[in-house]
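Working notes, beginning with the structure itself.
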Amino acid sequence: MNIFETFSARLAAVLSGLVEAGRIPAGLSLARVVVEPTKDPAHGDLAINAAMVLAKEAGMAPRALAELIVAELAKDSDVLKAEIAGPGFINLTLQPAVFTQVLKTAVLAGTEHGRGAPKGEPKVNVEYVSANPTGPMHVGHGRGAVFGDALASLLAFAGHDVTREYYINDAGAQVDVLARSAFLRYREALGEEIGAIPEGLYPGDYLVSVGETLAREHGPALRDKAEWDWLPLVRGAAIDGMMAMIRDDLAALGVVHQVFFSERSLQGRDGNSNAVHQTIEELRVRDLVYEGRLPPPKGQKDEDWEDREQTLFRATQFGDDVDRPLLKSDGSYTYFANDIAYHRSKFTRGFSEMIDVWGADHGGYVKRMRAAVKAVTDGQGELDVKLCQLVRLLRNGEQVRMSKRSGDFVTLREVIDEVGRDAVRFMMIFRKNDATLDFDLAKVVEQSKDNPVFYVQYAHARCASIFRQAAEVFPDLDLSPQTLAQADLGLLTDESEIGIVKMIAAYPRMIDAAAASHEPHRVAFFVHELASAFHSLWNKGKDSPQLRFVNQTDRKSTSARLAFVHAVRSVLASGLAVVGVTAPEEMR
RNA sequence: GGGCCCGUAGCUCAGCUGGAUAGAGCAGCAGCCUUCUAAGCUGCUGGUCACAGGUUCGAAUCCUGUCGGGCUCGCCA
């Protein structure tokens, strides 16, 4: 139940009634009209901007228009007070019963409170992580992984049909380098002295086990073959090994994908099954691909610029700054060409809404990809690219780097092992994706208010603890949501309690807004705020024993408060589930 | 030089797609607490929302320009 939607609908009805009565002109555009929570409780519960937004179009003064609307809204039995304020705001104060009803609904819905109605079409594809299969995941990958996962969960909770996808970059030159690196480890496993890993190969010792597996399965059979002979086999084995490792890392984070899509699979075995070739030819037929020359980059002096004719995609027709090459000088496809075919595949698989989660260093790639999606879907597909900024890893404020195991970066696994999955997930999402993130390894394991992970989980544990306490004090009390929902919720009259009930009422709206803007961090901030309000109320019970949730001498108020606590707990659990963090029963 | 992102309190950051007097936490200051689960609670101090214009009834939010920081710039991925 979303009271904001409910009242938007009622407002729309009021407006059309006024139109029918000839009091205001027909055909007003309602797009900018919103019903939103007030910031200041003195302004009531709901704020409506309709009079100000519509005044000009209606040819009326805002306040005159507001008076017409207020007169109608005041007749609503759920409205206690409707008044005009400031430049023409309509502020509604609702009957307390409205909120007790919302609370009751939330108690019964439990963790389903806030879930959006199924949206059906369009199906949404969220592509995230997509780390190259050339080594373990590092911390930066982890941010994209958590962000994408939380965004997908958020969209699913909001009612969308979501598919989580991983794009395996297994077709570029880097996987050949990987294969050569693995081959060296294979020779090493056969007992050969390989010395230092040459420059340009992957030095990480995570390839040792790939080499050992190859030695075990093939013995010395590969050693004396020519590279063109062993490379495909070794490459396949190495990619499989790397993907297994990456899946392990993802599993440690609790991140799942439904689809692992191989870049190499786009290239097929012959010309006919080659999706990249097909895509480009299709674009060529529509005159979106041509042979031409690019101007050199502006302002840069570059002696090694070589003017050359190449195969180009008309990205400029779709909003990009320059046309983009599809073939390398050696005749093979650019990464971009493969990516066009890949996004076309998403579209033909039924996803007209696509979201890609990338690292910030790919920012310069966004325009061309969006251009390509427009071209290849004939304007039917929509691509949103979410860029995740860098993560700075700190320990007690000091920046940490270097890891012997992996070469030059801290692996995600090391961080998860040190601070735990929940801390990693919550902190990665407790910031806007487009802002750099400081992650302090020391802080996130503190048991204090400074540590938001602890703070939110503790609030949930406290709710659970209250229920344990209640079961002891009132052993015969039925604590099921069905029974609690029947309690006299009108007994919840303290300002703090009402404030929290309003937050619970606002939860569905927050979910919708966060999903619409693809901003899962809002969910993390919301649960943090709710936790804060709840801790504060809990502490009020110190000075005012009558506010304690479990009151030995007052069975009725205890029932009402337990219903309330159940709703708080459910919303915390629901929000944490979206972020992918566990909601513990107790803190240990 | 072009493109994209960022600039909000001393510090770290929110700001609900343009709403009312810009909010938290930390730090600082003043009190309180030892509990239904201890790791805290309440209050105070603190801002020219980088700067200058513009659009609007209304701008931290949208547009233009300037300054500062980051990323990026035909064949890598």
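Here is how names work: the chains are called A, B, and so on, in the same order as the sequence lines, proteins then strands, and each is numbered from 1. In this text the structure is predicted, and so the values were computed from the model without any measurement.
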Pairwise side chain to side chain donor-acceptor pair (under 3.5 Å) hits with a residue in residues 171-181 of chain A, at least two apart
Asp176(A)-Arg235(A), Arg180(A)-Glu227(A)

Using the six-membered ring of Phe4(A), assess whether NZ or CZ of Arg509(A) lies under 6.0 Å from its centre and within 45 degrees of the ring axis.
yes

Heavy atoms only, 4.0 Å cut-off, all strands: where does Tyr455(A) land among base, sugar-phosphate and nothing?
sugar-phosphate

Say we look at rC16(B) and rA22(B): how far apart would their C1' atoms be, to the nearest angstrom?
14 Å

Do we count Phe525(A) as stacking onto rA14(B) if the rule is ring centres under 5.5 Å and planes under 30°?
no

Have a look at Lys39(A) and say if it touches a base, only the backbone sugar-phosphate, or nothing, with a 4.0 Å heavy-atom cut-off.
base

Under 3.5 Å, side chain of Arg264(A) to main-chain N/O of Asp170(A), donor-acceptor pair present?
yes

Taking any heavy-atom pair under 4.0 Å as a contact, classify Val53(A): base, sugar-phosphate, or nothing.
base

Please confirm whether the ring centroid of His528(A) lies under 6.0 Å from the ring centroid of Tyr455(A).
yes

Per-pair stack call Phe454(A) and rA39(B), 5.5 Å, 30°:
no

Within the 3.5 Å criterion, strictly below it, is a donor on Thr558(A) or Asn551(A) matched to an acceptor on the partner's side chain?
no

Any base atoms under 4.0 Å from Glu585(A), or only sugar-phosphate, or nothing? Heavy atoms, all strands.
base

Is Lys328(A) near enough to rC76(B) that one of its side-chain N or O atoms lies under 4.0 angstrom from OP1 or OP2?
yes

Please confirm whether the backbone N or O of Met52(A) pairs with a side-chain atom of Asn49(A), one donor and one acceptor, at under 3.5 Å?
no

Does Arg462(A) place a side-chain N or O at less than 4.0 Å from the phosphate oxygens OP1/OP2 of rU37(B)?
no

Residue-phosphate contact under 4.0 Å: His362(A) side-chain N/O, rC76(B) OP1/OP2:
no

Give a yes/no on whether any side-chain N or O of Ser465(A) is located under 4.0 angstrom from OP1 or OP2 of rU37(B).
yes

Look at all strands and tell whether Asp40(A) reaches a base, only sugar-phosphate, or nothing, counting heavy atoms closer than 4.0 Å.
base

Report yes if at least one side-chain N or O of Ser536(A) is closer than 4.0 Å to OP1 or OP2 of rU42(B); otherwise report no.
yes

Using atom C1' in both nucleotides, what's the gap between rU8(B) and rG1(B) to the nearest angstrom?
30 Å

Mind checking Gly363(A) for me? I need base, sugar-phosphate or nothing, with any heavy atom below 4.0 Å counting as a touch.
nothing

With distance as the sole criterion, do the side chain of Asn91(A) and the base of rA20(B) form a donor-acceptor contact below 3.5 Å?
yes

Is a side-chain donor or acceptor of His460(A) paired with a backbone partner of Gln457(A) at a separation under 3.5 angstrom?
no

Compare the minimum distances between each of rG15(B), rC36(B), rC75(B) and the side chain of Thr334(A), then state the nucleotide with the smallest one.
rC75(B)

Taken to the nearest whole Å, CG/Leu326(A) to C1'/rG74(B) is 12 Å

For the base of rA20(B) and the side-chain ring of His43(A), does the geometry meet a stacking cutoff of under 5.5 Å between centres and under 30° between planes?
yes

Given 3.5 Å as the limit, does a donor-acceptor pair link the side chain of Ser265(A) with the main chain of Ser262(A), or not?
yes

If you look at every strand shown and take non-hydrogen atoms under 4.0 Å, does Pro325(A) touch a base, only sugar-phosphate, or nothing?
sugar-phosphate

Name the nucleic acid region contacted by Asn338(A), choosing base, sugar-phosphate or nothing; use a 4.0 angstrom heavy-atom cut-off, strictly under.
nothing

Which part of the nucleic acid, if any, lies within reach of Glu519(A) when heavy atoms closer than 4.0 Å are counted: base, sugar-phosphate only, or nothing?
nothing

Please confirm whether any donor atom in the side chain of Arg468(A) sits under 3.5 Å from an acceptor in the base of rU37(B), or the reverse.
yes

Let's test your reading of the pairing rules: Watson-Crick or G-U wobble, both distances under 3.5 Å, then write RNA chain B as a dot-bracket string with ( ), [ ], | and dots.
(((((((..((((.....[...)))).(((((.......))))).....(((((..]....))))))))))))....

Using a 4.0 Å heavy-atom cut-off, does Tyr365(A) contact any base of the nucleic acid, only the sugar-phosphate backbone, or nothing at all?
base

For Thr134(A), answer base if it contacts any base atom (sugar-phosphate contacts may also be present), sugar-phosphate if it contacts only those atoms, and nothing otherwise; contact means non-hydrogen atoms under 4.0 Å.
nothing

Hey, is the side chain of Lys432(A) poking within less than 4.0 Å of OP1 or OP2 on rA14(B), counting only N and O atoms?
yes

Pair of N/O donor and acceptor under 3.5 Å linking rG58(B) base with Arg32(A) side chain
yes

Please confirm whether the shortest side-chain N or O distance from Arg509(A) to OP1 or OP2 of rU17(B) is below 4.0 Å.
yes

Find out whether the Lys NZ or Arg CZ of Arg462(A) is both under 6.0 angstrom from the six-membered ring centre of Phe534(A) and within 45° of the ring's axis.
no

Under 4.0 Å, counting only non-hydrogen atoms across every strand here, what does Arg431(A) touch: a base, just sugar-phosphate, or nothing?
sugar-phosphate

According to the 5.5 Å centroid and 30° plane-angle thresholds, does Trp538(A) stack upon the nucleobase of rC36(B)?
yes

With sugar-phosphate meaning primed atoms plus P, OP1 and OP2, does Met52(A) contact a base, only sugar-phosphate, or nothing at under 4.0 Å between heavy atoms?
base

What is the nucleic acid contact for Glu586(A), judged by heavy atoms within less than 4.0 Å: base, sugar-phosphate only, or nothing?
base

